[in-house]
Amino acid sequence: MNSKITILSEHIIGIKKNSLKTALLVCSLMVLFPLKGFAQYDIDQFFLRGRQLLIDGKYSSAIDNFNTLTRIDSTLYDAYFFRGIAKYNLGDFIGAEKDFDKSLNLNPLYTPAYHYRAITLSRTGNYEAALKDLAEAVDLRPGYIGLYFSRGVTYFLSQQFDKAVDDFNKFIKTEDSEPDAYLNRGAAYIFLGDTLKALSDYNKAISLNVGDPEGYIRRSRIYFMQNHDSLAIADLDRALKLDTANTFAYFNRAIIRHERKDISGAMEDLNKVLEYEPGNALTLYNRALIRSQIGDYDKALEDYDRVITVNPQNVLAYFNRAAVFLQMNRYRDAMDDYSHCINLYPDFAKAYMNRAYAKAQLGQYNSARRDEEIAREKVREYRTKTRDSLSAQMFADTAKRFDKMVALDSDFAKRDFANNELLQYKDVDIHLKPLFKFNLAESKQERMAMDGRYESIYMEDFIDDLPVSSRLMAVRNSYDANEITQEQRHKRDSLSKTIDELQKREEAADALLYFSRALINDSQNRYNEALGDYDKAVNLQPENPFLYLNRGALQAEMIDFISSMEQNVQVLSLDNSRTARARVNENRSTYDYTPAIHDMKKATTLMPKFPYSYYNLGNLYTLSSDLPEAILQYTKAIQLYPAFSEAYYNRGLVLIYLKDSEKGCLDMSKAGELGVPEAYSVISKYCIKK
């Protein structure tokens, strides 16, 4: 069986998205890559387990497994290769490419690494490099037919549709029963303007796999383009019988129903899409258009607001929201939206014309006349220009309608190929990883060989000496006090009794008694009592860095608790734009983290090689808006503990926030590799070229 890319539908006309999922893994991992001939039984077992995890789709666990392999033997080129596949499937294309690089550095003749690095490069838009890798792979293994499939995909993505057809032809000549090849070749024919051949390919794909809704959805678009609406609806109905949750089928049926003036049917389908994907901006945009057309202006504004929140670069959302404002006689709001359009597209002649109308309604006649003159000049330029600036001309064309439902047809896709920002709809809740401190634990953490955990004899001795079970961990406080367990209540009462008896005898209680009682109170958000105990512990044992670490973390948590009451917890927040601008609450109070910073600095002075104190300082400086110093502290933590996943994650967030996305995304990739699953959500949002 040949290895090939399984491509999943992103839009009807375009090619399916590359994926190295189960279908690929079953054939490639079991056939192409036999076990390495190492004598060590453990290495073979790690390879077997890791590949099975890939097949099962447990990519994070697979990465952990291959991390262990690379620690055992850093020359295992296929361990890096498999780890790259896992990263790819988690959306970490930067990390995947680096792993494929390592694999090829160790074995320059390893064809699969060229193949899958090419796939990864094509996903990041580096088609030229991807094609070079595929050419290298073909030279090494010209009989490996799956390479032609992948190269066909890459040619398609780079808009070389004729070459894509040639490669799909080569693939189909040998593999004539693979439906995805026909679906992809059909998509290429669409962009070459040959709908008859495209229809033939879609028919063939359907005949090979009648249970796949994708073929019917693709074919429905051809029927729709040919004005065979009934046949298109029938295909979409069939697709939805096969997959009742197929949002793209609902979306396309909504477009067709709207064209047939079936407004209620179109709204029903769009609502169905939003039931499954509440943040889908393209669907919200189309529903807003319909709502504005039927006079439901308030609801239309709600939808446009959500679209703009998700994608603040969506010029058409501003333009059409402004039209709603005009209908509602909200001329100043309309004027502001038209100004947004002009800022995004300075050649948007119709936006100037409409802004002129809004200004005139507000009595700003001189300014309105200037806008009209600019609009007329843009139109003159548009009529004399050649087709070297298609998008600029499009927005200067005053005859063009901008309130049509967006259907992702071939004209739309060609204009902004593989870069449709209306599809950026997934929101991600992004927070810093929290501070590290000692917390109550049910039992002592067991250490395992090769787990990469930070080890400190001093810290382990400290934990062993405590009269309660504790562990150093990063836990975000929910500010909802958990019900104290009977055992914890008993332990706290026992500690209090011991402390009271010592005080009665005028004997100094041990610092660790106070520290342990503070841990119990801390776990219940009894801040003042906990802080009092930490103070007493510090007074009794002023040279213990761990006491300062916990007291500093508690003081920061107290500030966060106060800020949470004012809904100001999110200091560092990334918006949905790829430029990762900050959303800052203008009414946000300023909080002083100086006492917490002072304690954390004291901890670093007493124990200069303890990475968690520097990490905590990084968080505190971030919360204090001193981001350069935060980066410096995270870097110190990583230097002391190279496997510090949370430090990579937080430093990556700060770097992305500061618009140093290249370094930030590298940190995110490392954080994901080290076991932070949220890193892949950030990568997919800020590190992947759409």
Side-chain angles (χ1 to χ4, degrees), residues 1-21 23-24 27-28 32 85 88 93 100 111-206 208-209 212 214-215 218-219 221-222 410 413-414 417-418:
M1 181 182 287
N2 288 296
S3 170
K4 47 190 171 290
I5 307 168
T6 302
I7 333 182
L8 301 177
S9 168
E10 176 153 87
H11 58 77
I12 251 177
I13 295 297
I15 195 157
K16 287 178 168 184
K17 201 183 259 184
N18 298 332
S19 174
L20 307 180
K21 303 239 182 214
L24 168 63
C27 56
S28 65
L32 292 178
I85 288 180
Y88 176 97
F93 303 139
F100 296 142
T111 308
Y114 285 110
H115 184 186
Y116 296 127
R117 188 172 68 177
I119 294 171
T120 305
L121 288 165
S122 72
R123 290 302 309 278
T124 59
N126 193 349
Y127 304 123
E128 184 178 354
L131 290 169
K132 286 181 180 178
D133 270 357
L134 287 167
E136 188 73 31
V138 169
D139 286 343
L140 288 169
R141 291 188 62 185
Y144 177 24
I145 198 67
L147 292 169
Y148 296 106
F149 189 104
S150 297
R151 195 167 65 179
V153 171
T154 307
Y155 277 135
F156 185 100
L157 293 172
S158 60
Q159 304 186 60
Q160 300 180 62
F161 304 115
D162 51 348
K163 292 182 179 179
V165 168
D166 288 342
D167 269 350
F168 288 130
N169 288 342
K170 292 173 184 174
F171 179 84
I172 290 170
K173 187 175 181 179
T174 302
E175 291 282 337
D176 61 355
S177 59
E178 174 51 57
D180 283 344
Y182 292 99
L183 289 175
N184 287 346
R185 190 174 67 177
Y189 280 135
I190 287 289
F191 282 92
L192 290 171
D194 195 335
T195 56
L196 290 178
K197 286 184 178 178
L199 182 60
S200 175
D201 272 352
Y202 292 158
N203 287 335
K204 181 66 175 179
I206 290 170
L208 289 170
N209 190 357
D212 181 9
E214 180 69 20
R218 297 281 188 99
R219 191 172 67 180
R221 286 295 295 153
I222 298 287
S410 57
K414 283 178 183 175
F417 188 87

Next item on the list: Quick one: closest heavy-atom pair of Arg185 and Asn169, and the distance?
Entry: NH1-OD1, 2.7 Å
Check: Minimum heavy-atom separation for Ala205 to Tyr182, with atom names?
Finding: CB-CB, 4.1 Å
Margin query: Checking the side chain of Ser200 only, and the main-chain atoms of Leu196 only, is there a donor and an acceptor separated by less than 3.5 Å?
Written below: no
Notebook entry, point to check: How long is the gap from CD on Glu128 to OG on Ser122, to the nearest 0.5 Å?
Noted result: 14.0 Å
Check: Taking atom CG of Asn184 and atom CD of Glu178, what is their separation to the nearest 0.5 Å?
Finding: 9.0 Å
Next item on the list: Decide yes or no for Phe168 and Val153: does some side-chain heavy atom of the first lie under 4.5 Å from some side-chain heavy atom of the second?
Entry: yes
Item checked: Flag side-chain contact, heavy atom, 4.5 Å: Asp162 against Phe191 -> no
Note to self: Less than 4.5 Å apart, side chain to side chain, heavy atoms only: is that true for Asp166 and Tyr148?
What the structure shows: no
Item checked: Validation row, ring centre Phe156 to ring centre Phe161 under 6.0 Å -> yes
Next item on the list: Answer yes or no: is there a donor N or O on one side and an acceptor on the other, between the side chain of Ser150 and the main chain of Leu147, under 3.5 Å?
Entry: no
Check: Taking it one step at a time, do Ile190 and Tyr202 satisfy side chain to side chain contact (heavy atoms under 4.5 Å, CB included)?
Finding: CA-CA 11 Å; Ile190 287 289; Tyr202 292 158; 3.9 Å; yes
Check: For Leu183 and Gly215, which heavy atoms make the closest approach, and how far apart are they?
Finding: CD2-CA, 3.9 Å
Notebook entry, point to check: Which pair of heavy atoms, one from Asp133 and one from Tyr114, lies closest together, and at what distance?
Noted result: CB-O, 3.5 Å
Next item on the list: List the steps and the verdict of side chain to side chain contact (heavy atoms under 4.5 Å, CB included) for Gln160 and Leu131.
Entry: CA-CA 12 Å; Gln160 300 180 62; Leu131 290 169; 3.8 Å; yes
Next item on the list: Keeping the roles fixed (side chain from Arg141, backbone from Thr111), state whether a donor-acceptor pair exists under 3.5 Å.
Entry: no
Margin query: For Ala181 versus Ile172, what's the shortest heavy-atom pair and its separation?
Written below: CB-CG1, 3.7 Å
Note to self: I need the minimum non-hydrogen distance between Asp201 and Gly186, along with the two atoms involved.
What the structure shows: OD2-N, 3.4 Å
Notebook entry, point to check: Does NZ belonging to Lys170 count more than 12 external heavy atoms closer than 6.0 Å?
Noted result: yes
Checklist line | Interatomic spacing from OH in Tyr189 to CD1 in Ile222 - rounded to 0.5 Å | finding: 12.5 Å
Checklist line | Test of ring centre spacing under 6.0 Å for Phe93 and Tyr88 | finding: yes
Checklist line | Short side-chain to backbone donor-acceptor contact, Ser158 and Tyr155, under 3.5 Å | finding: yes
Next item on the list: Go through Glu214 and Arg218 one step at a time and tell me if the salt bridge (Lys or Arg N to Asp or Glu O under 4.0 Å) criterion holds.
Entry: CA-CA 6 Å; Glu214 180 69 20; Arg218 297 281 188 99; 2.7 Å; yes
